[in-house]
Peer 1: 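I am attaching a structure below and will ask some questions about it afterwards.
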Amino acid sequence: EEDEAQAQREHEEKEADAQRKHEEKEAKAARDAEEKEAKAARDAEEEERKHQAEMQRLRDAEADKQRAQAKEMLALAKAAKKEEQERQAKHEKELQDAKLKHEEAQAKLQKEKEDALRKFAVENVAQQKEQRDAQIKELQKCIDASENHKKENQKSLEEAEAKIDENKNQSGRLALDIDGFDLEGKLVVEKNEMDKAKKLHDTNENDIAKAIADTGQTEGNVCKFLRLTQALIGGTTTAQSQTNALDARIAVFYSIIARECRERLLIKDYFDVRGLNRFTPILAKHKMIDCEDLVCEDESEFKEDVFSLLEVSVNKDVEQWNEKHPSDPVVRMRSANKLEAFLKDCRIEKFADALEECDVTELEDVADLDDDSIEDIIKTSGQKVFACKKFKKAVQQYKDGKYKPPPEAEQKENETTAVATTDKAGALVRPAFISSRDRKDLLKICTRPDTWKALQAEKTMVVRSGMQAMSPLMAEFFLHMYDAVTVSQKLLTYNGSDPESLNEEQQKAIKMLESAEQL
């Protein structure tokens, strides 16, 4: 019992401790929950306070922004009002100026109208006088024409009367001839002439019959012989025309074969790709056909052997074009560039407008300026004394031939007019100087053959592969042609007039001809 009581007490103490711990734990949990709630409340209050502060800051910023926008709108309104006032004032001023100009124009128009009326009146009087004089002249011409017509009619009447008299005389002579005509004598004469003609015809017939008898032929074979002769003439003409056509075809065939068998790169083909085809005819005149002909060791050799030839020919073409077409826009631009370079080189650009007002548009016109013209240009320019002296000195230097254009001006001119114009067929219409780009390309082609050697090697390979494919075909073609020529030679061989001397091919041809005639 004591043990049980002791165990019971210990059990109760343990339960009491557990109950106390549980109560303490619950109390602690309650305190923690209350603290958390309090802290959450404090955090919520702090967040609410921050939110309120942020909202207040945003409201203040929005208010500041609205105040700034209001100030800006007020400033814009004031500026717009001021601008509107200025525009209104300007518009009123423009209206006033326009009104004054309109009044001046109306006055000027009225004055011009009055002048035109006076001029029209004067011209009308002069015109009426001219019309009256013209009418008088026309009437005088009509009168003269009537007189001439009258004289011609009188002359025609006299000629008709003379012709009537002549016809009467001729009628009398014809009547006398009819009365004295010997009909029997005329018939005898005509009969004698007919006998002579018949005798001549019989003689010719006998000669022809004798000639036919001498040849051992009959009269029916003569027609066949003449037809054969005519056919031979026609066949000869046809054969000649076909021979000419064959010659032309063979020549074209030779050109095609030569082009296909050429391993070297042609200047024409490469220059067409590089845009230098206008130089191809010039080089062809100097026997330069392949790109190998253009190879130079250095730039000096290029200038001497290639570029000098092209430059001389191109400059000659350009000069001839300029002489034949002085009104061409490019020629005018070229002249204007020369004048501009002259003014810039002599530092007298200020006189450009004055020169243009005095119709000096080309550099060549400067040589025609006399002292009065120079003074007019100086007066028009309004320049100071020192500038006028420089202008007079520059003009005098050009007249004396002492002025030389700078190289950069010539280069600029060449580059400006370096585009040549061609028509649809590719023929050169307007020549141009050699530009610096063309010169660089030509120098590169001539002094650096490796730039086009690859193309030439490629073309060589293509030509060789093509010849490997074409050689058997060409061999067969020429063998057939040889057989055809051999047969033609046998047909055209002449071994005498004996039919037995004809060869086999000729006999076959004669038999085929006879069969065709029978059909």
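Residue numbers count from 1 along this sequence. Computed from a prediction, not measured in an experiment: that's the story for all the values here.
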Peer 1: What's the spacing between Lys71 NZ and Lys78 NZ if we round to 0.5 Å?
Peer 2: 11.0 Å

Peer 1: Got a second to check how far Leu343's CG is from Lys350's NZ, nearest 0.5 Å?
Peer 2: 13.0 Å

Peer 1: Classify the angle between the aromatic ring planes of Phe307 and Phe302 as parallel (below 30°), tilted (30 to 60°) or perpendicular (above 60°).
Peer 2: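 Correct class here is tilted.
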
Peer 1: Could you state the interatomic distance from CD (Glu299) to NZ (Lys303), rounded to the nearest 0.5 Å?
Peer 2: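 Rounded to the nearest 0.5 Å, the CD-NZ separation comes out at 4.5 Å.
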
Peer 1: Do other residues, nucleotides or ligands put more than 12 heavy atoms under 6.0 Å from Glu458 CD?
Peer 2: no

Peer 1: Does NZ belonging to Lys399 count more than 12 external heavy atoms closer than 6.0 Å?
Peer 2: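 Check passes, neighbour count above 12.
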
Peer 1: Do the side chain of Thr447 and the main chain of Asp298 share a donor and acceptor less than 3.5 angstrom apart?
Peer 2: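 Looks like no, no N/O pair under 3.5 Å.
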
Peer 1: Looking at side-chain heavy atoms only, is the closest gap between Leu442 and Leu294 below 4.5 Å?
Peer 2: no

Peer 1: How close do Thr451 and Tyr270 get, counting heavy atoms only, and between which atoms?
Peer 2: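 What the structure gives for the nearest pair is O-OH, 4.0 Å.
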
Peer 1: For salt bridge (Lys or Arg N to Asp or Glu O under 4.0 Å), just list the numbers for Lys65 and Glu72, CA-CA rounded to whole Å, side-chain angles, deciding distance to a tenth of an Å, and then say yes or no.
Peer 2: CA-CA 10 Å; Lys65 185 177 180 181; Glu72 187 177 356; over 6 Å; no

Peer 1: For Asp371, I'd like to know if atom CG has over 12 heavy atoms of other residues, nucleotides or ligands within 6.0 Å.
Peer 2: no

Peer 1: Just by distance, do the side chain of Thr486 and the backbone of Tyr482 share a donor-acceptor pair under 3.5 Å?
Peer 2: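 It does hold such a pair.
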
Peer 1: Tell me if the CD atom of Gln85 is crowded by more than 12 foreign heavy atoms within 6.0 Å.
Peer 2: yes

Peer 1: Would you say that Asp290 contacts Ile267 through its side chain, given a criterion of any heavy-atom pair below 4.5 Å between the two side chains?
Peer 2: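 With C-beta onward as the side chain, the pair stays apart.
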
Peer 1: Looking only at heavy atoms, what is the nearest atom pair of Lys390 and Cys346, with distance?
Peer 2: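 Scanning both residues, the minimum pair turns out to be CE-O, 4.0 Å.
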
Peer 1: Does Ser241 reach the main-chain N or O of Thr238 with its side chain, forming a donor-acceptor pair under 3.5 Å?
Peer 2: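 Yes, Ser241 side chain to Thr238 backbone: donor-acceptor pair under 3.5 Å.
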
Peer 1: Indicate whether the side chain of Ser435 and that of Asp438 have a donor and an acceptor atom separated by less than 3.5 Å.
Peer 2: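 Yes, because at least one side-chain N or O of Ser435 sits under 3.5 Å from a partner of the opposite role on Asp438.
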
Peer 1: Closest approach of Cys388 and Gln383, non-hydrogen atoms and distance?
Peer 2: SG-O, 3.7 Å

Peer 1: Would you find more than 12 non-hydrogen atoms of other residues, nucleotides or ligands less than 6.0 Å from Lys90 atom NZ?
Peer 2: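 Not buried by this count: 12 neighbours or fewer within 6.0 Å.
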
Peer 1: I need the Lys453 NZ to Leu455 CG distance, nearest 0.5 Å.
Peer 2: 11.5 Å

Peer 1: Would a 4.5 Å heavy-atom cut-off, applied to side chains only, mark Leu283 and Leu309 as touching?
Peer 2: no

Peer 1: Check Glu86 with Lys93, please: is the shortest side-chain N to carboxylate O separation under 4.0 Å?
Peer 2: no

Peer 1: Taking C-beta and beyond as the side chain, do Asp293 and His286 meet within less than 4.5 Å on heavy atoms?
Peer 2: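 A side-chain contact is absent here, since even the closest heavy-atom pair is not under 4.5 Å.
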
Peer 1: For the residue pair Asp370 / Ser373, report whether a side-chain donor-acceptor contact shorter than 3.5 Å exists.
Peer 2: yes

Peer 1: Any side-chain heavy atom of Val314 sitting closer than 4.5 Å to one from Phe279?
Peer 2: yes

Peer 1: Say you draw a straight line from CG of Leu369 to NZ of Lys392; how long is it, rounded to the nearest 0.5 Å?
Peer 2: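 Reported to 0.5 Å precision, the distance equals 12.5 Å.
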
Peer 1: Taking the side chain as everything from C-beta on, heavy atoms only, tell me whether Lys389 gets closer than 4.5 Å to Lys384.
Peer 2: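 No - every pair of side-chain heavy atoms lies 4.5 Å or more apart.
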
Peer 1: Does CD belonging to Glu304 count more than 12 external heavy atoms closer than 6.0 Å?
Peer 2: no

Peer 1: So do the side chains of Leu276 and Ile445 get within less than 4.5 Å of each other, counting heavy atoms only?
Peer 2: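 Heavy-atom side-chain distance check passes, below 4.5 Å.
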
Peer 1: Please round to the nearest 0.5 Å and tell me the distance separating atom CG of Asn277 and atom CG of Asp269.
Peer 2: 11.5 Å

Peer 1: Is there a side-chain contact between Ile377 and Val395 in this structure, where contact means two heavy atoms from C-beta onward sitting under 4.5 Å apart?
Peer 2: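 Contact flag for Ile377/Val395 side chains = no.
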
